[in-house]
Amino acid sequence: MSSSAEVAKGVTNSIQEYLQSLPRQTFDQLYAQPATCLATLRLLPPIAKQVVMRLLYTQKPVAKADVEVWCFPDHRGDLQDSLSKLSRLHICTDYEEHLQMNRIFQENFHNALVGGGDHVSFGQPMNDNKGEVDIALLDRHAAESWETVLHQLVGTPGDRRPKAVTKLLLASGLQEFPDDGGYSETNEHQKMNITSKGFQFLLLDVNVQVWSLLLQYLGLAERQLNMDIVQVLNFLFQIGSLELGQAYSVEPLTDTQRRVMEDLKYFGIFYQRTKKSRKFYPTRMATSLTSGSMVSSRKPEDSQGYIIVETNFRMYAYTDSPLQIAILSLFVSLQARFQNMVTGLITRDAIREALTKGITSDQIITYLTAHAHPELKKQSPILPQTVIDQIRLWEMERNRLRLSGAWLYSDFTDLNEFTQIVNYAEPLGAVLWKNEKRRTLAVTEEGHENVKSFRKRAAAARAGGAGR
Amino acid sequence: MSCAEDINLLAVVVDTNPAAWAAAASDPDRPLDFVKIIEQLLIFINAHLSLKFDNELAIIASHADQSQFLYPLPPADPLDAADDEPSKPANVYKQFFDVDRAVVSKLKELVDDKRTKSAEHENRSMVAGSLALALSYINRIKRANENNSVQSRILILSISPDLPSQYIPTMNCIFAAQKVSTRIDVCRFSGRKYGGESVFLPQASHITAGIYLDIPEPSNLLQYLLYTFLPEPSMRKTLLLPHKDQVDFRAACFCHKNVVDVGYVCSVCLSIFCSLSKKCPTCQTVFPAPK
């Protein structure tokens, strides 16, 4: 459980970081939508949430000293952190030792609570009288689309290669062209290669994958597609508040938002029966965007876990999904493939190959643990300890050589001079290597200046002593 | 911050005793409007739901002769399956809409109910039954989410006077709540013609480490609710919240249901009596005759 909690935390942090990078005016436009206010509130730490709720129905600015006594003295630090977060998100502003809530946020969050205003930010539901679309279909659609994206990433041959996906994978640095030719319309169909970042991406949790791609999309929308970032963000926060299995009307959406929907459709975030359809269905991927809870968007049988690892480094994976097999082949040398399973061996060569691609041993271990077969999960630790240790050792093997800048001191006239310098340099931690027989000494770059001046002083003292 | 991942369950027990609310509405000093109180309560409930995606909620009406769930309603309820179900307006968050609609329609049903009309002149509220319902619902949610820890608390909005005949069930519920570490918060209205000093409810919040608050200014109820009762149990270590220093530990006797200061206690079963008898009516122990 703790790993998924950490993942959720990571997701909220990355969204917050993105939001904090936006200019103030953008926030005022963002908070004009109650759905955005609601989603932003849910991103906040618990104390900040309470502060917002307390200030919500307070019209006048509140003295900061008064806010401070809300907390027990030993939690003042947490409160300060929360307050600074609030001001970075422009929910509250500091002014002359007083806290003043952003009026726009205040008004629209109140609208969200009482359901007032006229903003259509929680989606215009439509009657689905045909009843063809159910939750199972949406889940299937989301899983298939997302898998297609991942397939495209690993380079499985396929005919569905939407331009939006290609562009995004390229912009996020998950894929690149073999020769750094850059992106242009002409070589659009050229085969792209997965980068080391892309490999790491494959081993992440689905929700983190979705969010990191969406954040990339936001950047892309701003820089290349000339979209209004406020509308895109509002739209993303809005779909987080929609209900799974309900049809919503396209009508209230702006042109920008329709374009976003067009692009994001390929990622399985929405479902539309036909391209011209006037309604859309959010999938589980969309509705769990802002929840922070890890509602897996994969099919239940996938999320169950399918990998068995034995102490003899053999791996059995009960899967027929080409994607999962492709991911496994990143760090397992596969031996045989059957109708419902593959077998392989975790070898030094396979792991080393993965390591050279930038995948870390921790990522491999996390992936194997997360997708462990229920039978394997009954053990503690889940993976055999020998295998975990060995994968770590193989990673450490690559770190045997450490490069550091150094100065070489040699050709000392006598042993006395040599030991004098060693005795000076060693307490400083400046000695990297020394050889008494050959009277040679390697000194770190940081320590070089000190050692050099000491040697000069020592030489001068000796010369002086000899002269006397 | 493991507590940040917990599911927060809030069970609200609303005193809907018609006699007390009627008296409150005509109070010369501090008139109370039931509709306005419920409106403020609903905003508070929406605020609770808005804090986190997976916050859970139950609302129970403690009426003059019965206790009823206002939310959540059983899925088979005709109200949910009705064909003329109004579709959600686009300006309202789906979850808020569901709760508000269920509470309002259920309350209307309760007020119009013929059966309660006869009981209306009786100024009482089934708090013990509502507490029992709340605790069983909390238990159900805990069972359903065995993988996640559930933080639960109960909030009682109370206006009726204590009912000594319910002393034993009320205390049983309080101790049950203490055992499952569920805090009981009490929000109490009192004016000249309604409320009055309660003996049982301060004990409830004292025993379960909850908060007891007399609302001095009912028109600002929402602010009291947001300040005092919104922080989830894990936040109570961080935020300074009001607490009642002096708790009246008086009990009601088992024989005549009178609230007593000094009474007789059976040395075997600890039952409390207001008058001396030869045999304990609860456990049939024969007391030695006083010398």
Side-chain angles (χ1 to χ4, degrees), chain A residues 1-2 4-5 8-9 34-35 37-39 41-42 44-47 49-58 69-75 78-79 109-127 240-243 246 248-249 252 287-288 290-293 295, chain B residues 1-8 39-40 42-55 83 85-101 145-149 151 220-241:
Chain A
M1 280 299 113
S2 70
S4 82
K9 227 174 177 179
C37 297
L38 185 64
L41 178 86
R42 287 183 173 169
L44 295 171
I47 302 181
K49 285 180 190 170
Q50 298 295 340
V51 173
V52 170
M53 286 299 184
R54 287 179 172 201
L55 293 178
L56 185 61
Y57 289 102
T58 313
V69 293
W70 286 350
C71 243
F72 282 109
D74 45 338
H75 289 283
D78 297 343
L79 182 70
F109 188 60
H110 167 74
N111 276 342
L113 284 186
V114 299
D118 184 25
H119 43 76
V120 205
S121 77
F122 291 108
Q124 176 84 58
M126 278 180 90
N127 273 337
S241 69
L242 299 182
E243 196 199 356
Q246 169 73 46
Y248 290 92
S249 166
T287 52
S288 63
T290 50
S291 69
S293 64
V295 195
Chain B
M1 290 281 255
S2 66
C3 47
E5 324 302 334
D6 290 352
I7 295 171
N8 266 305
E39 277 171 3
Q40 301 190 45
L42 284 177
I43 297 184
F44 166 73
I45 282 165
N46 288 350
H48 166 73
L49 290 175
S50 69
L51 284 182
K52 253 169 72 185
F53 179 75
D54 42 12
N55 272 1
D83 286 334
E85 179 184 345
S87 67
K88 177 193 85 77
N91 291 334
V92 192
Y93 186 47
K94 163 83 178 150
Q95 216 180 349
F96 297 169
F97 178 72
D98 286 349
V99 175
D100 297 359
R101 194 165 56 91
N145 297 285
E146 273 179 338
N147 296 331
N148 306 60
S149 65
Q151 285 190 29
N220 294 343
L221 173 68
L222 180 60
Q223 284 290 44
Y224 288 108
L225 290 175
L226 288 180
Y227 268 67
T228 318
F229 297 112
L230 188 62
E232 55 261 31
S234 61
M235 290 294 295
R236 306 238 167 137
K237 288 183 258 97
T238 317
L239 290 174
L240 273 162
L241 294 167

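In what follows, chains are A, B, ... by sequence order, proteins preceding strands, each numbered from 1.
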*Does B/L226 offer a backbone N or O that forms a donor-acceptor pair with the side chain of A/R54 under 3.5 Å?*
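No; judged by distance alone, with no hydrogens or angles, the pair does not exist.
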_Contact class of A/L44 relative to chain B, heavy atoms under 4.5 angstrom_ =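 Answer is neither: A/L44 stays 4.5 Å or more from chain B.
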*Where on A/V52 is there a heavy atom nearer than 4.5 Å to chain B: the side chain, the backbone, both, or neither?*
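Neither part.
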Roughly how far, to the nearest 0.5 Å, is the [atom2] atom of [Y] from the [atom1] atom of [X]?
X     : Y      : atom1 : atom2 : answer
A/Q50 : B/E232 : CD    : CD    : 5.5 Å
B/K94 : A/Q246 : NZ    : CD    : 7.0 Å
A/L56 : B/Q223 : CG    : CD    : 8.5 Å

Measure distances from [X] to the heavy atoms of chain A and classify the residue's part below 4.5 Å as side chain, backbone, both or neither.
X      : result
B/L222 : side chain
B/L49  : backbone
B/Y227 : both

*With chain A, which of B/S50, B/A47, B/P231 has the greatest number of heavy-atom pairs at distances under 4.5 Å?*
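Top option by heavy-atom pairs under 4.5 Å: B/S50.
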*Let me know which of B/L240, B/T238, B/L239 forms a side chain to side chain contact (heavy atoms under 4.5 Å, CB included) with A/H75.*
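Between A/H75 and the candidates, side chain to side chain contact (heavy atoms under 4.5 Å, CB included) is satisfied uniquely by B/T238.
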*Using the side-chain contact (heavy atoms from CB on, under 4.5 Å) rule, take B/L51 and A/M53 through it: C-alpha gap first, then chi angles, then the decisive distance, then the call.*
CA-CA 9 Å; B/L51 284 182; A/M53 286 299 184; 4.0 Å; yes
*Which residues satisfy the salt bridge (charged side-chain N to carboxylate O under 4.0 Å, His left out) test with B/R236, sequence neighbours excluded?*
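If we apply the salt bridge (charged side-chain N to carboxylate O under 4.0 Å, His left out) test to B/R236, skipping adjacent residues, the hits are B/D185.
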*chain B: which of A/A112, A/C71, A/G115 shares the most heavy-atom pairs with it under 4.5 Å?*
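Most heavy-atom pairs within the cutoff with chain B belong to A/C71.
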